[in-house]
Amino acid sequence: MSDTSKAAARIKALLDAGSFVEIGGQVTARSTDFNLNAEKTPSDGVVTGYGTIDGNLIYIYSQDASVLGGSIGEMHAKKISRIYSLAMKTGAPVIGLLDSTGVRLEEAADALDSLGRVLAKMSFASGLIPQITAVFGPCGGALSFIPALSDFTFIESENGKLFVNSPDAISGNTTEACDTSSPSFQMEAGNADFAGTEAEVYAGIRELVTFLPINNEDEGDGGYSEDDLNRSCTGFASYTDPRDQLRVISDNAAFFETKRGYADNMVTGFIRLNGFTVGAVANNKTELCAKGMEKAAKFIGFCDAFNIPVLTLVNATSLHACECGEKLHPKNGAALACAYASATVPKVSVISGKAFGSAYILMGSKAMGADMVYAFETSEIGTMDPKMAAKIISAGEDADTMKKTAEEYKALQNSVLGAARHGLVDTIISDADTRKYVIGAFEMLYTKREERPDKKHVSF
């Protein structure tokens with residue numbers, strides 16, 4: 001391994017000092033077409049091996065743009081596949097550092113076939129070991145499927161480019177008009193979790209790794225926290241941003257958000273409770289949008305695959321009414337319902353505000369398999385907002401009648417006490433006790449076992 005290459009430098013910057021061990025350092029390109037054998041191809045443009053992050057075993061590959069532009073040839077791809085084979089055998093995460101001009105033209109079908117085998121390996125590894133990708137340079141064409149198949153994707157904000165077709169190849173577009181390969185565009189599209197400087201990407205990956213299990217059978221090292229398990233969360237319900245709520249209840253305010261730039265009205269990420277990692281889902285606005293439901297569904301799927309418990313904070317009144325929503329709500333709403341219902345990990349929901357109609361059903365309700373549901377005394381649970389219900393029930397009546405009907409509807413149909421009496425809420429709590437009750441619920445559910453019908457996978 002050349003210590004002067006960017007590929008090597010990136011590995012050293014990311015892993016624990018002195019922990020990296022290279023594999024396949026003597027591999028070079030095999031093809032002789034177009035006089036390729038005259039080119040020097042050290043490591044065939046990708047440095048591969050293993051090391052540690054915070055003491056945990058990690059497999060890693062880093063593309064070297066100084067060797068044929070970091071292009072993927074037959075041996076290049078085989079080295080990545082080899083790393084995946086070892087990672088799946090030993091049960092450890094894979095991190096890919098991408099910086100490549102794409103598939104190597106001089107190797108044609110052999111390069112394509114080998115890249116296809118990498119994508120197949122990634123598919124086999126999905127749900128078995130965590131996969132993290134960081135884009136430091138160009139990542140286009142078929143290579144863009146690698147970040148998409150990964151569980152989490154980071155992009156370096158200055159030089160990182162992610163695309164299938166370059167911006168100038170899109171009819172009527174130019175890079176200057178709309179840079180579809182830019183980190184900001186890809187963040188908004190939901191194709192990346194985080195964008196930042198090179199140093200920020202390294203720090204972000206290292207932080208994320210501390211939240212994740214090393215494989216799907218890892219039960220984690222939780223059960224201890226310096227933070228008071230019974231710490232009061234007074235004012236929890238008054239926070240308008242669920243990110244603040246999650247930091248308040250998490251051990252020492254630990255929170256790693258995923259896909260921050262995508263569907264802002266749904267917040268997903270990881271917190272710690274009593275030292276254990278917990279996946280968190282919370283709607284940021286009272287209306288659910290289609291993209292937000294898709295985002296939550298995929299996140300819950302990841303948590304379920306890696307036995308990470310799921311906490312849901314609910315304050316949702318409806319599904320956002322728009323033309324786009326009418327196209328996507330049925331499909332994405334069904335995906336969210338399927339994700340909650342299919343997940344066998346411990347699931348705890350806290351209704352911190354309103355929970356109405358379809359949004360109530362979808363956001364981790366009892367019907368969707370929540371093991372424990374808590375609600376505050378001020379929470380409302382029902383079909384719809386009382387004022388809207390009054391307009392339907394008392395259509396054509398005067399304002400006083402409408403007001404009286406709304407009050408009656410709220411008392412009879414939207415009462416949290418009524419929901420608790422029907423078994424839809426397990427316990428009515430004060431917001432100050434949220435952390436205590438949620439930690440207690442997850443401790444109680446630690447040994448949960450739940451079977452599902454024997455099948456390959458959902459047909460979605």
Compare all side-chain heavy atoms of [X] with those of [Y] and state whether any distance is below 4.5 angstrom.
{"X": "F442", "Y": "P309", "result": "yes"}
{"X": "T52", "Y": "L15", "result": "no"}
{"X": "S43", "Y": "E22", "result": "yes"}
{"X": "T180", "Y": "T175", "result": "no"}

Going by the rule ring pair (Phe, Tyr, Trp, His ring centres under 6.0 Å), which residues pair with [X] if we only count those two or more places apart in sequence or in a different chain?
{"X": "F194", "result": "F154"}
{"X": "Y61", "result": "none"}
{"X": "F124", "result": "none"}
{"X": "F163", "result": "none"}

Does a salt bridge link K448 with D371, judged by any charged N lying under 4.0 Å from a carboxylate O?
yes
Any ion pair linking D44 and K78 (charged N to carboxylate O, less than 4.0 Å)?
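No.
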Sort and list the pairs that fulfil salt bridge (charged side-chain N to carboxylate O under 4.0 Å, His left out) and have at least one residue in residues 172-185, not counting sequence neighbours.
K161-D179
Restricting to pairs with a member in residues 194-207, which pass salt bridge (charged side-chain N to carboxylate O under 4.0 Å, His left out), not counting sequence neighbours?
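Of all non-adjacent pairs touching residues 194-207, those that pass salt bridge (charged side-chain N to carboxylate O under 4.0 Å, His left out) are R10-E198, D16-R206.
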Output, in order, the C-alpha distance, side-chain angles, deciding distance and verdict of side-chain hydrogen bond (donor to acceptor under 3.5 Å, both in side chains) for Y239 and S352.
CA-CA 10 Å; Y239 288 103; S352 60; over 6 Å; no
Can you give me every donor-acceptor pair (side chain of residues 291-305, partner residue at least two apart or in another chain, under 3.5 Å) with its distance?
unit_1: E294; atom_1: OE1; unit_2: Y262; atom_2: OH; d: 2.6
unit_1: K295; atom_1: NZ; unit_2: K259; atom_2: O; d: 2.9
unit_1: K295; atom_1: NZ; unit_2: Y262; atom_2: O; d: 2.8
unit_1: K295; atom_1: NZ; unit_2: A263; atom_2: O; d: 3.4
unit_1: K295; atom_1: NZ; unit_2: M266; atom_2: O; d: 2.7
unit_1: D304; atom_1: OD1; unit_2: T344; atom_2: N; d: 2.8
unit_1: D304; atom_1: OD1; unit_2: V345; atom_2: N; d: 3.4

Sequence-distant partners of [X], salt bridge (charged side-chain N to carboxylate O under 4.0 Å, His left out), two or more places apart:
{"X": "E443", "result": "none"}
{"X": "D241", "result": "R243"}
{"X": "D54", "result": "none"}
{"X": "R449", "result": "none"}

Criterion salt bridge (charged side-chain N to carboxylate O under 4.0 Å, His left out) on R104 and D110, from CA distance to verdict:
CA-CA 9 Å; R104 191 173 299 164; D110 286 335; over 6 Å; no
Atom pair CG/OG1 of L68 and T101 - distance to nearest 0.5 Å:
8.0 Å
Residue among I72, T48, V47 satisfying side-chain contact (heavy atoms from CB on, under 4.5 Å) with Q63
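Only one option passes, and that is I72.
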Report, as yes or no, whether the 6.0 Å neighbourhood of atom CZ on R117 holds more than 12 heavy atoms from other residues, nucleotides or ligands.
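Incorrect, the count does not exceed 12.
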Looking only at side chains, do N284 and N265 share a donor and an acceptor under 3.5 Å apart?
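Short answer, no.
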Using atom types as modelled, flag every donor-acceptor pair under 3.5 Å from a side chain in residues 131-152 to any protein atom, sequence neighbours excluded.
unit_1: Q131; atom_1: OE1; unit_2: Y84; atom_2: OH; d: 2.7
unit_1: Q131; atom_1: NE2; unit_2: M122; atom_2: O; d: 3.1
unit_1: T133; atom_1: OG1; unit_2: S150; atom_2: OG; d: 2.5
unit_1: S144; atom_1: OG; unit_2: G141; atom_2: O; d: 2.6
unit_1: S150; atom_1: OG; unit_2: I146; atom_2: O; d: 2.8
unit_1: D151; atom_1: OD2; unit_2: Q131; atom_2: N; d: 2.8

With no hydrogens and no angle check, is any side-chain donor or acceptor of D251 less than 3.5 Å from a backbone partner on E226?
no
Hey, is the main chain of N191 close enough, under 3.5 Å, to the side chain of Q186 for a donor-acceptor pair?
no
